[in-house]
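The sequence lines fix the lettering, A, B, ..., with proteins before strands; numbering per chain opens at 1. What you see is a predicted model, and the numbers here were worked out from it, not measured in a lab.
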Number of protein chains: 2
Amino acid sequence: MLMNVKKKITISDVAEKAGVSKSTVSQYINQRYKYMSSETKERIERVINELNFRPNDNARNLKVKKTKVVGILVANILHTLSTEIIQIVEDRLQHNGMKAFVCNSADDPEKEKEYIDLLIAKQVDGIIIFPVGNDYTVYNYLINYSIPIVFVDRLVDGITTDSVLLDNHAASFLAVSTLAEKGHENIAFFTLPIDFPVTPRIERIDGYKKAMAACQLKLREELIFSISKDKIQDALQNCLHFNKPPTAIIAGNDLVLLQILKYLKKNNVSVPEKMAVIGIDNVLYADLYEPSITTIAQPIQQMGLKAAELLLDRIKNESQHPFITYRFAPEIVERNSI
Amino acid sequence: MLMNVKKKITISDVAEKAGVSKSTVSQYINQRYKYMSSETKERIERVINELNFRPNDNARNLKVKKTKVVGILVANILHTLSTEIIQIVEDRLQHNGMKAFVCNSADDPEKEKEYIDLLIAKQVDGIIIFPVGNDYTVYNYLINYSIPIVFVDRLVDGITTDSVLLDNHAASFLAVSTLAEKGHENIAFFTLPIDFPVTPRIERIDGYKKAMAACQLKLREELIFSISKDKIQDALQNCLHFNKPPTAIIAGNDLVLLQILKYLKKNNVSVPEKMAVIGIDNVLYADLYEPSITTIAQPIQQMGLKAAELLLDRIKNESQHPFITYRFAPEIVERNSI
DNA sequence: CTGAAAGCGCTTACAG
DNA sequence: CTGAAAGCGCTTACAG
């Protein structure tokens with residue numbers, strides 16, 4: 001049964017064995033049965049099954065410009081947000097007869113570029129990107145090739161296209177105002193680095209600052225930390241010795257939250273008595289932690305659906321309406337950490 | 001700059017504009033500079049950049065049989081195990097000049113089949129599969145097409161190929177024997193359903209039974225639960241009223257563990273005093289829970305590397321050595337839940 | 001050092 | 001109702 005070197009079956013093999021022309025086999029494959037006798041149809045069907053024939057898409061796509069495949073290029077496949085959105089996007093695509101190839105940039109702009117080249121080379125019909133790079137020329141390739149793109153979670157300076165992301169300002173505002181209502185004044189904000197611009201981080205910091213002002217709280221720059229994951233615990237430890245230490249912390253995302261909780265637990269800092277905590281991004285274990293963690297969640301379902309819809313619209317009807325950036329309202333899930 | 005309908009640039013356009021033949025451009029693209037004057041080379045290079053030319057892989061692959069792309073077909077992209085392994089596999093592939101398209105079966109055998117067809121149609125060089133289906137004919141397509149495949153995490157009856165998975169028997173044994181040493185006799189085992197055979201679940205149950213015997217503990221079938229996620233909490237509640245209720249629980253995977261912890265927390269069952277808990281699969285929050293959770297982890301790094309290596313070997317040297325199923329030893333991470 | 005020509009496996013108007 | 005022929009955009013032996 002298993003043979004190592006096996007000549008690939010082509011449409012010619014099928015045609016020959018079925019005693020018809022390649023054209024006719026092609027008609028069959030493309031389900032244009034209109035002018036086909038049922039005998040021919042059945043014969044071809046049988047031969048295809050016997051030979052286990054699968055048409056070569058590479059050849060097909062050379063003629064037919066649509067591939068019915070879209071690329072989903074994620075900044076980092078380890079982020080739960082990405083995989084959850086992928087799942088939703090894919091489901092929509094499926095309903096529209098399309099399939100998705102997921103590519104993982106692994107936070108590496110170079111890899112991202114390579115995948116963009118590959119997806120162009122494979123002639124995908126469109127791409128959904130969680131961008132990592134900040135070099136707009138890369139994304140311009142796609143635009144030059146008239147390949148529709150939708151950005152998710154992050155934006156790129158210099159590129160205008162349909163985009164879907166959280167209303168990050170609102171997320172920060174929600175966090176700050178909720179804490180302010182509980183009487184907190186010294187609220188620390190922790191987020192990952194912004195060496196190069198990462199939309200959510202920048203916007204959440206900015207939102208934090210504006211929210212502090214709106215709540216008439218004094219902005220203390222030294223309570224804003226934008227640092228790498230493994231420096232968070234040290235920074236937190238450090239700021240507890242400020243002469244006015246924070247009484248509340250906002251974690252800029254799930255990874256940051258994890259570090260903060262690890263520190264607080266290790267050092268028996270009681271939550272929320274000694275330190276209130278709010279995390280942006282919902283996390284699986286929010287209910288499980290003691291106390292359960294108040295979080296600000298992204299409406300993932302809606303965001304995924306919108307991203308898919310935007311891409312499908314562009315793919316189908318070369319619609320020329322202007323590009324739109326959709327902002328989705330965050331939702332606070334109040335638990336017991338504040 | 002942006003034009004909606006834009007003729008795709010082909011090798012002919014480049015050739016014409018550079019004043020050379022298509023062959024020469026092709027030589028350039030394929031980095032066969034040996035017999036090329038540097039003037040020609042530079043001229044072509046310049047034109048390619050000017051025109052923003054990207055060769056069409058579909059055309060290329062029609063001639064050149066290798067695509068330098070592999071498929072990674074995951075049962076469910078939401079499982080952390082999958083994405084972690086993907087990340088590792090991809091890194092190895094990258095070092096070998098290959099790229100990966102990730103496809104998500106979303107636990108749906110029908111989708112899996114469609115993706116297999118698509119990957120064949122795209123002529124990928126090989127596929128790494130976390131299988132969902134139990135119908136071996138699907139995977140046989142691949143074997144018939146001489147496309148190397150490596151199974152990860154699960155096996156499929158009737159298909160012999162290189163495979164990489166946890167030594168599930170050892171995992172169960174580790175859990176049971178550790179609990180037995182602490183004096184537990186009534187150890188419950190919770191896992192997801194096995195309506196159709198899912199290797200890890202079946203093997204872990206089987207391993208549990210054998211381990212109980214090996215530890216000279218009485219096997220009580222009523223303490224083995226193989227049920228869907230949303231029935232776990234009820235089942236757990238129920239078994240606490242047995243006249244000999246379990247004093248320890250083994251969670252068959254991370255999803256099961258989550259349900260169990262939710263129940264125990266909600267009902268103030270103290271861990272480990274009233275109930276000891278061990279989870280198979282490491283989880284992000286193992287250290288964070290109160291008390292921290294003892295887990296049995298898969299050596300993900302090694303498993304990913306092996307899977308990549310096996311696939312690359314098959315792709316490179318049509319090696320004919322017999323197929324091997326690699327079993328990886330689990331590791332127990334003792335924390336405070338037992 | 002470079003080009004003309006054949007061919008990869010399909011699709012599609014067109015002819016019959 | 002079906003087939004012959006051209007062509008999609010590349011690559012590659014071969015000739016010069």
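The residue B:S37 sits close only to the backbone: its heavy atoms come under 4.0 Å of sugar-phosphate atoms, none of a base. Residue contacts shown for A:K22 include a base, since a base heavy atom lies under 4.0 Å away.
Both key distances under 3.5 Å define a Watson-Crick or G-U pair, and stretches of 3 or more such consecutive pairs in DNA chain C run C:1-3 with D:14-16, C:5-12 with D:5-12, C:14-16 with D:1-3.
With no hydrogens or angles considered, no side-chain donor-acceptor pair links B:Y145 and B:Q123 at under 3.5 Å.
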Passes salt bridge (charged side-chain N to carboxylate O under 4.0 Å, His left out), B:K306 versus B:E309? Steps please. CA-CA 5 Å; B:K306 177 58 85 178; B:E309 181 198 306; 3.5 Å; yes

Test log, rule side chain to side chain contact (heavy atoms under 4.5 Å, CB included), inputs A:K111 and B:D91: CA-CA 10 Å; A:K111 267 194 189 164; B:D91 193 63; 4.1 Å; yes

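Neither OP1 nor OP2 of D:dC1 sits under 4.0 Å from any side-chain N or O of A:R32. OP1 or OP2 of D:dT2 has at least one side-chain nitrogen or oxygen of A:T40 nearer than 4.0 Å. Contact check, B:T24 against C:dT2: no side-chain N or O comes under 4.0 Å of OP1 or OP2.
The side-chain hydrogen bond (donor to acceptor under 3.5 Å, both in side chains) test applied to A:N52 returns no partner, not counting sequence neighbours.
Across the protein-nucleic acid pair, A:Q31 atom CD and C:dC10 atom P stand 16 Å apart, rounded to whole Å.
Side-chain atoms of A:I29 lie closest to C:dT11 of the nucleotides D:dT12, C:dG9, C:dT11.
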